[in-house]
Amino acid sequence: MSANPRVPTYPIAEQFIERWSPRAFTGESIAESTLLGFIEAARWAPSAYNSQPWRFLYALRDGADWPRYLELLNEFNRGWAQHASALLVIASKTTFAAPGKTEEQPAPTHGFDTGAAWGFFALQAHLAGWRTHAMAGFDHERTRETLKIPADHAIHAMVAVGRLGDKASLPESLQARETPSPRQELQAIALAGDFRA
Ligand SMILES: Cc1cc2nc3c(=O)[nH]c(=O)nc-3n(C[C@H](O)[C@H](O)[C@H](O)COP(=O)(O)O)c2cc1C
C-alpha cells in the first residue's frame, strides 16, 4: 500500500483515518478469543435505553460453520472474502421492553445502535492489527433461514475480518481500489442550524 492519502480537516486520533476496508487478506487463522475481543469492544457501544440490540453471529475459517457463511455471500464478495479469517453476520433485535415494562415495543434505534457497535468492532480490530470489511452483498433471506435468525431481528451486514494481504493476490480490477478511500468535505456533512444540501 502507498502512503495513506487521507488528510483530516481537524486533528483526530490516527485510528480513524488508518482504518479502511481492504479486500486482500492473507487467509490465516484467527483465534476465537481474538475475535471475541473485537465483539467485546462492540458490547460497550451506547444504545437507546441501554437495550443492546446488536447480535454478532460468526464463523472462523477453520471452523465447521465457515462454508455455510461463505456461501451466503454474492459471487463478487465471495471471490475475495474467502481469504478472510472470520465472517460475521450483524443483526439486531427490532423490539425492546422499556425499563419497568415487560411488553415488547418497536425499537426505533436498533439500527443506529448496531451501527455504532459495528464501528467499535471495526476500530478495535484495527487497533489489534486486523482489518475488517463490511458487506451488504449477500443473500439476506438465505442468511435468515440458514442461521435461524428470528423474524423480530433485522439483518444488517456481513463482515470479513482478516490480516492485510498482498494486493497482487487480487484480480487486476480490484487492485486499483485497494487503498484508503476519500471522504466528502467536512462542511458537506456538518450543518450548523438548518439542513441544506
Ligand atoms: C453496510 C456496508 C456494506 C458494504 N457492502 C460492501 C460489499 O458488499 N462489498 C464490498 O466490496 N464493500 C462493501 N462495503 C465497503 C464500503 O464500500 C467501504 O466501507 C466504503 O467505500 C468506505 O471505505 P473504507 O471502509 O475503506 O473507509 C460496505 C460497507 C458497509 C459499511
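Basis for what follows: all heavy atoms, side chains included, without hydrogens, waters or symmetry-related copies. As the structure lists them, so they are numbered: ligands from 1, and atoms in each ligand from 1.
Using bins of under 30°, 30° to 60° and over 60° for the plane-to-plane angle, the ring pair F38/F121 lands in the perpendicular bin.
Within the structure, every pair that satisfies the salt bridge (charged side-chain N to carboxylate O under 4.0 Å, His left out) test and touches residues 97-107, not counting sequence neighbours, is listed here: K93-E104. Residues in residues 43-53 take part in these salt bridge (charged side-chain N to carboxylate O under 4.0 Å, His left out) pairs, two or more places apart or across chains: E40-R43. The list of side chain to side chain donor-acceptor pair (under 3.5 Å) pairs with a residue in residues 186-197, not counting sequence neighbours, is empty.
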Note every protein N or O atom lying under 3.5 Å from an N or O atom of ligand 1, pairing the names and giving the distance.
residue, atom, partner, partner atom, Å
ligand 1, 5 (N), A136, N, 2.8
ligand 1, 8 (O), N77, ND2, 2.9
ligand 1, 8 (O), A136, N, 3.1
ligand 1, 8 (O), G137, N, 3.0
ligand 1, 9 (N), N77, OD1, 2.9
ligand 1, 11 (O), R23, NE, 3.0
ligand 1, 11 (O), R23, NH2, 2.8
ligand 1, 11 (O), H133, NE2, 3.3
ligand 1, 12 (N), H133, NE2, 2.8
ligand 1, 14 (N), A134, O, 3.0
ligand 1, 23 (O), S181, OG, 3.1
ligand 1, 25 (O), R19, NH1, 3.1
ligand 1, 25 (O), R19, NH2, 3.3
ligand 1, 25 (O), S21, OG, 2.4
ligand 1, 26 (O), S21, N, 2.8
ligand 1, 27 (O), R6, NH2, 2.6
ligand 1, 27 (O), R19, NH2, 2.8
ligand 1, 27 (O), R183, NH2, 2.7

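The structure places OH of Y58 at 4.5 Å from CG of L36, a figure rounded to the nearest 0.5 Å.
Here the rule is side-chain contact (heavy atoms from CB on, under 4.5 Å) with M135, and of L87, L88, L72 only L87 fits it.
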